[in-house]
J.: 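What follows is a structure written as structure tokens; I'll ask about it next.
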Amino acid sequence: MATYTIRRAAAESRSFRIDYAAELNAAQLEAVTTLDGPVLVVAGAGSGKTRTLTYRVARLVETGVPARAIVLLTFTRRAAQEMLRRASALLGGGADDVVGGTFHSFANVMLRRWARAFGWPESFTILDRSDSEDAIQLARVRLGLDRRDRRFPRKQTLGDIYSTAVNKGIGIGDVVEREYVHLLDDLEDIVRCHELYVAYKRERGLLDYDDLLLELRDRLRDRAEFAERLQQTYRYLMVDEYQDTNHLQADITALLAGKRANVMAVGDDAQSIYGFRGADFKNIMSFPDRFPGTRLIALEENYRSTQPILDVTNAIIAQARERYSKTLYTRRGGGVRPQLVPSPDDRLQSLFVTQRILELAEEGVPLTEIAVLFRSSFHSFDLELELARAGIPFVKRGGFRFIETAHVKDVLAHLRVVDNPRDAVSWHRILLLLEGVGPRAAAAVVDWLGSPEGSLAGLAELAGLPGVRGQALAGVRQLGALLARLDPARERPPALVQAVLAHYRPVLERVHHDDAPKRLRDLEQFGVLAERYRSLTRFLADMALEPPSDSVGDVMAVDAPEGEVLTLSTIHSAKGLEWHSVFVISVADGRFPSTYSMDEDEIEEERRLLYVACTRARENLILTYPATMYDRGLGVVPARPSRFLDAVGPALLEPVTLLEEE
DNA sequence: CTTCTCCCTGTTTTT
DNA sequence: CAGGGAGAAG
């Protein structure tokens with residue numbers, strides 16, 4: 001047989017549309033052009049990490065790798081979409097078929113695609129945190145652990161324990177021993193309750209967030225045909241924000257990469273801020289052990305911030321107890337010294353920030369280029385009032401979200417039983433909304449639905465059950481008639497939402513009569529969200545996995561020019577973003593670090609959090625804190641600046657004194 | 001068994 | 001500030 005050898009050199013000398021060498025620095029170029037084998041990119045804040053990933057996608061496509069063979073796992077879907085959009089722009093199209101999203105959304109898609117092979121129902125429902133707590137509560141009640149004479153951890157606590165166990169990969173007993181010593185006496189029941197919760201989910205086709213990762217990892221590990229198929233399909237893997245992955249995500253990464261190990265992880269240990277949910281920044285350090293032959297690339301040149309800002313951020317992170325990386329530098333000249341502004345109290349802090357924002361706007365900085373960041377969502381409450389008063393439009397990201405409000409969840413629950421009639425958690429929720437129906441009657445109906453003679457279609461003619469009579473029965477029948485009418489195969493999500501709303505509106509007016517109008521406005525918004533979808537299953541999965549991150553309250557100003565809004569955000573939600581001017585408010589001990597962060601690891605994580613906040617700024621960085629804070633127990637107490645600023649002297653951080661106009 | 005009311009808690013961060 | 005839990009009345 002004749003052979004013909006393609007010479008490497010010929011393949012590599014092909015011409016690319018993009019002049020990579022001209023558009024990237026040396027380290028970035030190396031990362032972009034190293035396509036095969038494991039690569040770890042340790043990328044400092046603002047060092048062009050997104051750019052690198054974007055160009056690498058483009059490079060892969062230009063080299064001839066089909067877009068659908070590339071997977072880009074990021075922390076949010078938005079991040080993935082943004083990178084793919086930019087890659088497509090570079091290429092003039094062609095990156096659209098790249099698979100991009102979060103680990104959770106990737107797991108969702110894969111598990112659904114393979115559901116049949118795994119012997120699962122076609123349609124499973126994803127439980128968000130509060131749904132899973134509701135399910136835990138049902139298990140708890142069934143075990144008789146809710147009686148008054150018996151003190152037993154609340155559903156939130158149980159949810160925390162169970163989730164921590166999964167995300168840290170340890171047993172429930174270990175979690176209780178380490179973090180909930182006072183509950184050690186109840187351990188046996190805590191474990192029993194968990195067993196019931198797990199069985200319940202399985203029976204009902206329910207997966208919580210942790211299950212998505214757990215199932216994907218376990219199936220990849222145990223089902224060779226599944227793993228092989230995915231490895232063949234997805235030949236190039238990129239994982240962003242690797243410092244915020246947990247052990248499950250690290251396992252998934254390795255299992256997807258397979259022997260070929262064409263995997264690039266990008267991250268920065270100094271920006272690891274999700275330890276509380278099981279992320280372990282040591283993942284990034286052990287990457288080379290896990291993938292022998294890893295090429296290590298460090299991106300240290302910062303393109304985002306001025307040197308005075310970097311001086312401050314370097315000083316903050318220099319105090320970190322453990323740290324593996326580097327000091328960032330920039331070649332940019334100039335820049336103004338960041339400021340530290342104490343104010344007498346929260347009110348004046350708000351007034352100061354508002355006034356400075358107005359000044360910046362007058363100087364020509366667009367509102368979209370300004371952000372106010374904070375440790376905890378409630379730190380901005382006072383400021384929100386002041387901004388509204390000053391007529392400054394803003395969006396708030398992070399904290400309590402629109403999608404989590406009781407009324408939105410109610411509507412979602414109706415849609416979910418249509419999608420998955422076995423979803424007992426949602427059944428409970430919507431049955432309890434009916435007049436005359438309490439936990440007992442709801443349980444009776446749910447049991448009936450699960451029994452051989454029960455069905456959604458039969459609900460409209462239900463003859464009656466113990467505890468379900470009169471008004472309650474009428475309500476149940478009416479609900480049954482409504483739901484039986486809804487056919488997700490024939491009607492699209494917007495129509496389904498409208499049908500549910502027609503039923504739910506009077507319910508809402510009865511249950512929340514005080515603020516019904518406000519809640520109805522939210523629901524209109526929700527209806528708008530549904531319009532983008534054709535499939536109910538898809539819509540529901542997205543609402544659970546990547547809901548709009550807008551907080552309750554939404555955009556304040558109605559007449560703001562399109563998109564011209566200020567950003568308020570928790571630092572967690574600001575990850576990966578940047579602005580011309582950044583305010584970080586309430587940088588006071590007790591708030592930042594939060595008093596709830598007690599042990600050393602948590603304090604270290606908070607330090608990195610402040611680092612993340614400050615590295616978001618390009619030109620202006622202004623830190624503020626109130627000199628007095630209100631404490632519920634103690635009244636007004638003096639406050640001191642965050643301990644993280646102790647080592648940042650006035651030479652780096654200009655102290656500013658506020659004066660009040662007479 | 002449901003519903004009402006009152007109290008209390010406890011408020012980090014998110015997929 | 002509300003959402004949940006406990007206790008009492010219908």
Side-chain angles (χ1 to χ4, degrees), chain A residues 73-77 101-108 126-134 137 146-149 151-152 154-157 160 163 166-167 207-214 241 244-246 248-249 272-279 373-381 397-401 403-406 409 432 434-444 466-472 510-512 514-515 541-547 549 551-552 569-575 586 590-598 602 605-606 608-610 612-613 631-633:
Chain A
L73 296 174
T74 57
F75 213 68
T76 63
R77 178 176 53 177
T102 61
F103 275 92
H104 289 88
S105 65
F106 182 77
N108 172 51
I126 298 165
L127 303 178
D128 71 15
R129 185 47 197 267
S130 78
D131 299 325
S132 76
E133 282 168 9
D134 290 346
Q137 181 67 7
D146 62 326
R147 291 199 318 276
R148 307 178 216 293
D149 51 331
R151 68 178 214 332
F152 193 70
R154 284 201 312 276
K155 59 182 181 178
Q156 288 99 323
T157 313
D160 283 342
S163 184
V166 173
N167 284 294
L207 268 70
D208 64 24
Y209 288 143
D210 301 333
D211 292 329
L212 286 169
L213 299 182
L214 204 55
E241 309 281 10
D244 283 322
T245 54
N246 63 25
L248 286 171
Q249 291 163 321
S272 165
I273 55 176
Y274 279 90
F276 69 91
R277 79 175 204 210
L373 307 182
F374 32 85
R375 169 69 183 89
S376 310
S377 183
F378 70 89
H379 293 163
S380 71
F381 286 171
R397 310 189 46 220
F400 193 61
R401 287 181 299 188
I403 202 78
E404 294 166 340
T405 55
K409 297 216 68 164
L432 287 173
L434 302 172
E435 225 164 354
V437 177
R440 214 71 187 210
V468 189
R469 275 167 277 112
Q471 196 181 23
R510 176 171 54 82
V511 181
H512 303 283
D514 301 352
D515 52 359
D542 267 15
M543 288 304 109
L545 291 175
E546 340 220 19
S549 61
S551 292
V552 210
S569 178
T570 59
I571 299 167
H572 285 90
S573 296
K575 176 170 171 152
S586 289
R591 289 194 190 163
F592 201 169
S594 154
T595 35
Y596 302 103
S597 291
M598 306 283 276
E602 289 171 316
E605 181 150 314
E606 302 247 340
R608 296 191 293 268
L609 201 52
L610 182 61
V612 169
D631 180 287
R632 252 184 335 117

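Every chain is numbered from 1 and lettered A, B, ... according to where its sequence line falls, protein lines coming before strand lines. For the numbers below, each heavy atom of this structure counts, side chains included, while hydrogens, waters and symmetry mates do not.
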J.: So, using side-chain hydrogen bond (donor to acceptor under 3.5 Å, both in side chains) as the criterion, who are the partners of A:Thr102 when residues are at least two apart?
T.: A:Ser105
J.: Please figure out whether A:Glu435 or A:Ser594 has its closest DNA chain B nucleotide nearer the 5' end.
T.: A:Glu435
J.: Just to verify, what does A:Asp131 make a salt bridge (charged side-chain N to carboxylate O under 4.0 Å, His left out) with, not counting sequence neighbours?
T.: A:Lys409, A:Arg416
J.: Checking A:Glu133 now: which residues fulfil side-chain hydrogen bond (donor to acceptor under 3.5 Å, both in side chains) with it, not counting sequence neighbours?
T.: A:Arg129
J.: In whole Å, I'd like the distance from the CG atom of A:Leu432 to the P atom of C:dG4.
T.: 12 Å
J.: Please tabulate the protein-to-nucleotide N/O contacts below 3.5 Å involving nucleotides 13-15 of chain B, giving atom names and distances.
T.:
| from | atom 1 | to | atom 2 | distance (Å) |
| --- | --- | --- | --- | --- |
| B:dT13 | OP1 | A:Ser377 | N | 2.9 |
| B:dT13 | O4' | A:Arg375 | NH1 | 3.4 |
| B:dT13 | O2 | A:Arg375 | NH2 | 3.1 |
| B:dT14 | OP1 | A:Thr570 | OG1 | 3.2 |
| B:dT14 | OP1 | A:Ser573 | OG | 2.9 |
| B:dT15 | OP2 | A:Arg401 | NH1 | 2.8 |
| B:dT15 | OP2 | A:Arg401 | NH2 | 3.2 |
| B:dT15 | O4' | A:Arg277 | NH1 | 3.3 |
| B:dT15 | O3' | A:His104 | ND1 | 3.4 |
| B:dT15 | O2 | A:His104 | NE2 | 3.3 |

J.: Report the residues that fulfil side chain to side chain contact (heavy atoms under 4.5 Å, CB included) with A:Phe276, sequence neighbours left out, ordered by chain and then residue number.
T.: A:Tyr274, A:His572, A:Glu605
J.: Would you please name every residue forming a salt bridge (charged side-chain N to carboxylate O under 4.0 Å, His left out) with A:Arg77, sequence neighbours left out?
T.: A:Asp542, A:Glu546
J.: For A:Ser380, what residues pass the side-chain hydrogen bond (donor to acceptor under 3.5 Å, both in side chains) criterion, not counting sequence neighbours?
T.: A:Glu384, A:Lys396
J.: Holding to side chain to side chain contact (heavy atoms under 4.5 Å, CB included), I want the full list of residues that pass it with A:Ala541, two or more places apart in sequence or in another chain.
T.: A:Asn108, A:Arg112, A:Ile126
J.: State the CG-CD distance between A:Leu73 and A:Gln249, to the nearest 0.5 angstrom.
T.: 9.0 Å
J.: Look for any protein N or O under 3.5 Å of an N or O in nucleotides 5-8 of chain B and output each such pair with its distance, or none.
T.:
none

J.: Would you kindly give the CD-to-C1' distance between A:Gln156 and B:dT9, to the nearest whole Å?
T.: 11 Å
